[in-house]
Every structure is written in C-alpha cells, then in structure tokens.
Amino acid sequence: MRLALDEARLAVRGGDVPVGAVLLAPDGTTVLAAGHNEREVTGDPTAHAEVLALRRAAAKLGQWRLAGCTLVVTLEPCTMCAGALVQSRVDRVVYGARDEKAGAAGSLWDVVRDRRLNHRPEVVEGVLAEDCAGVLTEFFRDR
C-alpha cells in the first residue's frame, strides 16, 4: 500500500485526485505495474489508477487475464474500475480508504462480489486507511 500511496502523490502533480494503484504478481511481492489518476493530464475519462495499472500489467504479460494477481489501491474502486477488475480476473483487491459516494467494492455498491457475475475477487479493505484518506483530504483542502 505504501507503493500505491507513492503513486497517489504523483497524481497531484498533474492536478488529478490522488489515487494510486499497484498490481502485484501471483507471488504477492513482484510489482507488475503501477498507475495513478491521469484524467486531467490525458483528458481520458477512463484514466483511473486501477485501469492504468491493469492495462500496463496486461501489456507487460501479453494477456488480459490477470488471474492470481492482486490490485492494491488507495481508494475503493468506482463502478468502472470494479467492472474492469472483474473482467481482468484479478484474484484480490486490497484498498485503503472507503468511498461512500462512489465505492463499488462494498460501500455504495458491491460490483466485485456480485453473485450474478462469473468472477468475484476477494476484497480486503481498510489497509492504511487513515494514510490513504489523509492524502485525499489534504488534496481537497488545498483546492
């Protein structure tokens, strides 16, 4: 999660909301890819940290199935990112701060564990939650 927090802080440089993500290989320690929000920099509404990390890992591995992998992200994924996590077959999602306004991994919705879908990653929430929330609070306070 500390690597994801480092990524989140990079987003601020581009004027983006500080969310960072790291995708770990099945061994749980090797970083396959990382990303931070880049919507403002790229003008791409899908340039969320999670989506960018998934894209980069898939490109690195040469396949879209990321079975066995773990995504670590500073903020609970939104519906778009939750859907991407399900579609990529990630085994586990670990997040820091809950997102009561747009979270789709247990807060507002629970897309990743919806029994109607063919894949349901494990969800671990609250890892370094205060640190993750603090980065976001500081960003919005400064704005």
Quick check: does any side chain N or O of Thr79 sit under 3.5 Å from a backbone N or O of Ala104, one acting as donor and the other as acceptor?
no

With side-chain contact (heavy atoms from CB on, under 4.5 Å) as the criterion, how do Met1 and Asp6 come out once you've worked through the C-alpha distance, each side chain's angles and the decisive distance to 0.1 Å?
CA-CA 9 Å; Met1 185 61 76; Asp6 290 343; over 6 Å; no

Without swapping roles, check the side chain of Arg113 against the backbone of Ala105 for a donor-acceptor pair under 3.5 Å.
yes

Take Leu5 and Leu128, measure what side-chain contact (heavy atoms from CB on, under 4.5 Å) needs, and give me the verdict at the end.
CA-CA 9 Å; Leu5 278 163; Leu128 295 179; 4.2 Å; yes

Set out, in order, the CA-CA distance, both residues' side-chain angles and the distance that settles side-chain contact (heavy atoms from CB on, under 4.5 Å) for Val93 and Val124, then state yes or no.
CA-CA 6 Å; Val93 179; Val124 178; over 6 Å; no

Quick one: does Glu100's side chain have a donor or acceptor within less than 3.5 Å of a partner on Ser107's backbone?
no

Using a 3.5 Å cut-off and no angle test, enumerate the donor-acceptor pairs between side-chain atoms of residues 36-45 and protein atoms at least two apart in sequence or in another chain.
from  : atom 1 : to    : atom 2 : distance (Å)
His36 : ND1    : Glu7  : OE1    : 2.8
Asn37 : OD1    : Ala49 : N      : 2.9
Asn37 : ND2    : Val17 : O      : 3.1
Glu38 : OE2    : Arg56 : NH2    : 3.1
Thr42 : OG1    : Glu38 : O      : 2.6
Thr42 : OG1    : Asp44 : N      : 3.2
Asp44 : OD1    : Thr46 : N      : 2.8
Asp44 : OD1    : Thr46 : OG1    : 2.7
Asp44 : OD2    : Thr46 : OG1    : 3.2

Roughly how far apart are Glu50 CD and Arg55 CZ, rounded to 0.5 Å?
11.5 Å

Taking all heavy atoms of Ala33 and all of Ala53, pick out the closest pair and write down the distance.
CB-O, 3.4 Å

Less than 4.0 Å between a side-chain N and a carboxylate O, is that true for Asp99 and Lys101?
no

Exercise: identify the closest heavy-atom pair between Phe139 and Gly15
CZ-O, 4.0 Å

Minimum heavy-atom distance Leu117-Val111, with the two atoms named
CD1-O, 3.3 Å

Heavy atoms of Asp114 and Arg120 approach each other most closely as O-CD, 3.3 Å

If we only count heavy atoms from C-beta on, is the Leu66 to Leu23 side-chain gap below 4.5 Å?
yes

Pro121 side chain reached by Asp91 side chain, heavy atoms, under 4.5 Å
no

How is the hydrophobic cluster of Val51 composed, in terms of its other members, when Ile, Leu, Val, Met, Phe, Trp and Tyr link through side-chain heavy atoms under 4.5 Å apart, directly or indirectly?
Met80

Counting distance only, does the side-chain N/O of Asp16 pair as donor-acceptor with the main-chain N or O of Ala11 below 3.5 Å?
no

Shortest non-hydrogen contact between Leu32 and Cys69, atoms and distance
CD1-SG, 3.7 Å

Val72 versus Tyr95: any side-chain heavy-atom pair under 4.5 Å?
no

If only atom types and distance count, is the side chain of His48 paired as donor or acceptor with the main-chain N or O of Pro77 below 3.5 Å?
no

Below 4.0 angstrom, N of the basic side chain to O of the carboxylate: do Arg98 and Glu76 qualify?
no

Val94/Leu71 under side-chain contact (heavy atoms from CB on, under 4.5 Å): CA gap, chis, key distance, verdict:
CA-CA 6 Å; Val94 177; Leu71 183 90; over 6 Å; no

Which heavy-atom pair separates Val112 from Val123 by the least distance, and what is that distance?
CG2-CG2, 3.4 Å

